[in-house]
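Take a look at the structure set out below.
Throughout, numbering of the chain's residues begins at 1 and tracks the sequence. In this text the structure is predicted, and so the values were computed from the model without any measurement.
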Amino acid sequence: MPASAAPLSASAAVPAAAPAPLAGPLLVLVAMPEEAAPLLARLEGGEELPTPFGTGVAARRGLLAGLDTVVLTTGIGIAAASAAATWGILTTAPGLVVAAGSCGGLAAEVEVGTLIVGETFTYSIADATAFGYAPGQVPGGPVRFEAVPLWADAAEHAALRADGQDGGRGVRRGLMLSGDAFVTAEIAAPMRERFPTALSADMETTASARTAEALGCPFIALRAVSDLCGPAAGQQFHLELDVVAEISARAVTQLAAELLR
């Protein structure tokens, strides 16, 4: 969905067909413990999974809305996300991978608290354009990593349902950017020029999408905007991480519940 498109309504994203039942657990990736907290609070009968990592990575498996789920805290950044996601996928053989937590808002109409449904993903600071590649494209890789449309539809529907339950701050679906740079106002302006349809920026999602694709797992993202990257005058530009993590967790939980039906 282009960044200039109108807000989504609850009736706009009813999936034409439900995805097949998951063949493995739902694997939810978050970067920080604060983002994991509201998911872990909802997890029933959870048990810790041992990981080969030192500090910064933690995994817990239990039932989220009745669905077998692993919540994996990866650490921050491209390398951390890639390493932890690789271990998580190879260890748990998930039926679906979901990136959750927070992100920065790029599109003009995105507000703090908006739920972003990732449909396509690319690297915000990758630049091999001198060799004929598209902005964000790594040589040898696709121009964009893409969510399977049926799964993106399911995530969008769940996000709209979750957003509507609490009055909500809106749902947007489209392009998410990731890179190992915090997006300040100075970085945001040229980033918007290079990626005019981008909705959000973070430091993990594209790396996780690339890992999931390489290992043959479907992938989607449900992250909520915590900060605006260069907000316009008068816009609220920040929400506390625990508030945003709750917004994302509510959408992921709704998705888990709907996958059981």
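- Side-chain atoms of Gln137 come within 3.5 Å of backbone atoms of Gly141 as a donor-acceptor pair (strictly under, hydrogens ignored).
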Might you work through the side chain to side chain contact (heavy atoms under 4.5 Å, CB included) test for Val117 and Ile220, ending with a clear yes or no?
-> CA-CA 7 Å; Val117 179; Ile220 51 110; 6.0 Å; no
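- Test Thr122, Ile125, Ile78 against Ser178 for side-chain contact (heavy atoms from CB on, under 4.5 Å) and you get one pass: Ile78.
- Inter-residue side-chain proximity for Arg173 and Asp153 is flagged as met; some heavy-atom pair is nearer than 4.5 Å.
- Note on Val30 and Leu63: separate hydrophobic clusters, where clusters join Ile, Leu, Val, Met, Phe, Trp and Tyr whose side-chain heavy atoms are under 4.5 Å apart, directly or indirectly.
- Closest of all the heavy-atom pairs between Pro135 and Phe195 is O-CE2, 3.3 Å.
- Arg144 places no side-chain N or O within donor-acceptor distance of the main-chain N or O of Gly136, the cut-off being under 3.5 Å.
- For the residue pair Ser102 and Glu35, a side-chain donor N or O sits within less than 3.5 Å of a side-chain acceptor on the partner.
- Residues Val112 and Leu228 meet the side-chain proximity criterion, which asks for heavy atoms closer than 4.5 Å.
- Side-chain contact between Leu49 and Val70: present, with at least one pair of heavy atoms (C-beta onward) separated by less than 4.5 Å.
- Of the charged side-chain nitrogens involved, none lies within less than 4.0 Å of a carboxylate oxygen, so that Glu111 and Arg172 do not count as a salt-bridged pair.
- Within the 4.5 Å cutoff, side-chain heavy atoms of Trp87 are placed close to those of Pro52.
- Side-chain atoms of Thr51 never come within 3.5 Å of backbone atoms of Ala58 as a donor-acceptor pair (strictly under, hydrogens ignored).
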Might you work through the side chain to side chain contact (heavy atoms under 4.5 Å, CB included) test for Leu67 and Leu22, ending with a clear yes or no?
-> CA-CA 9 Å; Leu67 184 69; Leu22 297 186; 4.1 Å; yes
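- Taking the centre of each ring, Phe145 and Phe219 stay at or above the 6.0 Å mark.
- Put simply, the side chain of Asp242 never gets that close to the backbone of Glu34: no donor and acceptor are under 3.5 Å apart.
- You'll find the side chain of Val252 stays beyond 4.5 Å of the side chain of Thr69, heavy atoms only.
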Do Thr206 and Met176 pass the side chain to side chain contact (heavy atoms under 4.5 Å, CB included) test, and can you show the C-alpha distance, the side-chain angles, and the key distance before you say yes or no?
-> CA-CA 8 Å; Thr206 301; Met176 301 179 76; 5.7 Å; no
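- Contact check for Leu259 versus Trp151: side-chain heavy atoms found under the 4.5 Å cut-off.
- The distance from atom CG of Leu72 to atom OG1 of Thr92, rounded to the nearest 0.5 Å, is 8.0 Å.
- In this structure, Cys217 and Ile89 approach most closely via the heavy-atom pair SG-CG2, 3.5 Å.
- Between Cys103 and Val225, some side-chain heavy-atom pair lies under the 4.5 Å cut-off.
- Judged by distance alone, with hydrogens and angles left aside, the side-chain atoms of Ser248 form a donor-acceptor pair with the main-chain N or O of Leu222 at under 3.5 Å.
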Evaluate the side chain to side chain contact (heavy atoms under 4.5 Å, CB included) criterion for residues Glu204 and Leu29: first the C-alpha distance (whole Å), next the side-chain angles of each, then the deciding distance (0.1 Å), finally the verdict.
-> CA-CA 9 Å; Glu204 300 84 25; Leu29 307 176; over 6 Å; no
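- In this structure, a donor-acceptor pair under 3.5 Å is present between the side chains of Arg223 and Thr205.
- Under a cut-off of 6.0 angstrom, the local environment of CZ in Arg250 is crowded, with over 12 non-hydrogen atoms contributed by other residues, nucleotides or ligands.
- Taking 4.5 Å as the limit, some side-chain heavy atom of Met32 sits within range of a side-chain heavy atom of Leu241.
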